[in-house]
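Below is one structure, written out as structure tokens; comments come after it.
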Amino acid sequence: MTTLFDRHRLGDLVLPNRVVMAPMTRVRAAAGGLATPSMATYYAQRATAGLIVTEGVQPSLVGQSNPGTPGLHTDEQVASWRPVTAAVHANGGRVFAQLMHGGRVSHPDTTGSTPVGPSAVPAVGDVFTPTGPQAAPVPRALDTAEVPEHALSYAEAARRAVDAGFDGVELHGANGYLISQFLSSNANLRTDRYGGPVANRIRFAVEAVAATVDAVGGARTGIRLSPGATIWGVEDADVPELYAALLTELARLEVAYVHLEATTDEEVLVGLRKAWPGTLVVNPVPPMGPKQTGRDDADHWLGLGADLISFGRAFIANPDLVERLRNALPIAPVDESTYYQGGDAGYLTYAAHQYAS
């Protein structure tokens, strides 16, 4: 019986346990999208995870979704990440950068330009801007000839990530951001080769992953997906068919892993597990769900065939989460008011459990 504390080979890495720190936006970057010393401390504190996946990192300026997020599209950003990856490695950890192109989930006040998307359909809800929440603007629909450059932006950022010391990258294909928008049946109304039937709607995701594999290798490339999720107003028609087709193409590219959020029926997710021959990471609790992932959730999904389990909110409040899970210690609750407030409070101030010497 597989447990959370068994080793697992992931590409060229051997993970000491099957606990993954899920990507979580914390908006603590410095001006210019630079990583900071506090970010190095934050991730190093959590280096006992089998794998850390960072907060979403924009692969281009137009791809930035929120103010205060870090990037990987300038030399200065690469240099700022090197102390972060070095701190994680010094503490014995492994870390992938999540590459997140926001697509239509952005605002001109944040990036200085009109957001782009597969079609001129705005996201549902208010987006974050430097002056507070504002209604999501209508994005500029990408011309067919422009689409490949946005797919390539993930690959270019992946090269920079490896240069910055990351062990690999995870493409953010979930939660209503650009890849998810192309997969969607209501955000993507295109009639060219990137829209319409399933084979066309998965094309952008496949091209972005293929370019990244070409750039840094399949062993250093993962992707996160949220089948059936409706975050930012996206909808997926034919979820089982859409994601099975996508996983078939990803299998040909021999990527390191697929990271699925539990955003659709368990039966569908189990079917996708059967369709995917490689390492599967499962995030058992939907991102907008009411609770933190716990040991019972993890054991349930390991029993259903997941290889690795990602924990989000529990990792914010418990830097020593792996040992708490191993020793059945209480999992501290997170203070949600500190998610995006900036500063070190609610970021570096959560304490590890005091273990008897």
Single-linkage hydrophobic cluster, 4.5 Å side-chain cutoff, [X] and [Y] together:
| X | Y | result |
| --- | --- | --- |
| Tyr243 | Phe182 | yes |
| Leu242 | Leu171 | yes |
| Val216 | Val88 | no |
| Leu61 | Ile179 | no |
| Leu260 | Val169 | yes |

Should we say atom CG of Asn91 is surrounded by more than 12 heavy atoms from elsewhere, each under 6.0 Å from it?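 Counting neighbours around CG of Asn91, more than 12 heavy atoms of other residues, nucleotides or ligands fall under 6.0 Å, so yes.
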
Atom pair [atom1] ([X]) and [atom2] ([Y]), whose distance is rounded to the nearest 0.5 Å:
| X | Y | atom1 | atom2 | result |
| --- | --- | --- | --- | --- |
| Asn188 | Arg201 | CG | CZ | 7.0 Å |
| Arg9 | Leu15 | CZ | CG | 9.5 Å |
| Met100 | Ser180 | CE | OG | 11.0 Å |
| Ile331 | Asn318 | CD1 | CG | 5.0 Å |
| Trp276 | Thr248 | CH2 | OG1 | 9.5 Å |
| Asn186 | Gln181 | CG | CD | 10.0 Å |

With side chains defined as the heavy atoms from C-beta onward, is the minimum distance between [X] and [Y] less than 4.5 Å?
| X | Y | result |
| --- | --- | --- |
| Arg160 | Asp75 | yes |
| Thr293 | Trp301 | no |
| Pro23 | Arg224 | yes |
| Glu323 | Thr48 | no |
| Met21 | Leu51 | no |
| Glu266 | His300 | yes |
| His73 | Gln58 | yes |
| Pro115 | Pro137 | yes |

Can [X] and [Y] be counted as an ion pair, charged N to O under 4.0 angstrom?
| X | Y | value |
| --- | --- | --- |
| Arg273 | Asp307 | yes |
| Glu207 | Arg193 | yes |
| Arg28 | Asp344 | no |
| Arg159 | Asp163 | no |
| Glu146 | Arg140 | yes |

Look only at the side chain of [X] and the backbone of [Y], and say whether a donor-acceptor pair between them is shorter than 3.5 Å.
| X | Y | answer |
| --- | --- | --- |
| Ser80 | Leu34 | no |
| Arg324 | Pro330 | yes |
| Thr279 | Leu10 | no |

Any side-chain donor-acceptor pair under 3.5 Å between [X] and [Y]?
| X | Y | value |
| --- | --- | --- |
| Asn175 | Glu261 | yes |
| Thr129 | Gln134 | yes |
| Glu170 | Tyr257 | yes |
| Tyr340 | Asn66 | no |
| Asp167 | His89 | yes |
| Thr144 | Asp192 | yes |

Mind checking whether His150 and His101 have ring centres under 6.0 Å apart?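 Yes - the distance between ring centres of His150 and His101 falls below the 6.0 Å cut-off.
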
Smallest separation among heavy atoms of [X] and [Y], with atom names:
| X | Y | value |
| --- | --- | --- |
| Gln292 | Ala332 | NE2-O, 3.6 Å |
| Asp126 | Pro133 | CB-CB, 3.9 Å |
| Gly312 | Asn283 | N-ND2, 4.4 Å |
| Ala141 | Ala120 | CB-N, 3.8 Å |
| Gly71 | Val57 | C-CG1, 3.3 Å |
| Tyr194 | Pro148 | OH-CG, 3.8 Å |

Measure the acute angle between the ring planes of Phe204 and Tyr154, then classify it against the limits of 30° and 60° as parallel, tilted or perpendicular.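 Rings of Phe204 and Tyr154: perpendicular, as their planes differ by over 60°.
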
Going by the ring-ring contact (aromatic ring centres under 6.0 Å, His included) test, name the single residue among Phe96, Tyr43, Trp81 that passes it with Phe166.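 Exactly one option meets the ring-ring contact (aromatic ring centres under 6.0 Å, His included) with Phe166, and it is Trp81.
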
Intermediate values then yes/no, side chain to side chain donor-acceptor pair (under 3.5 Å), Thr338 and Asp335: CA-CA 6 Å; Thr338 66; Asp335 179 358; 4.7 Å; no

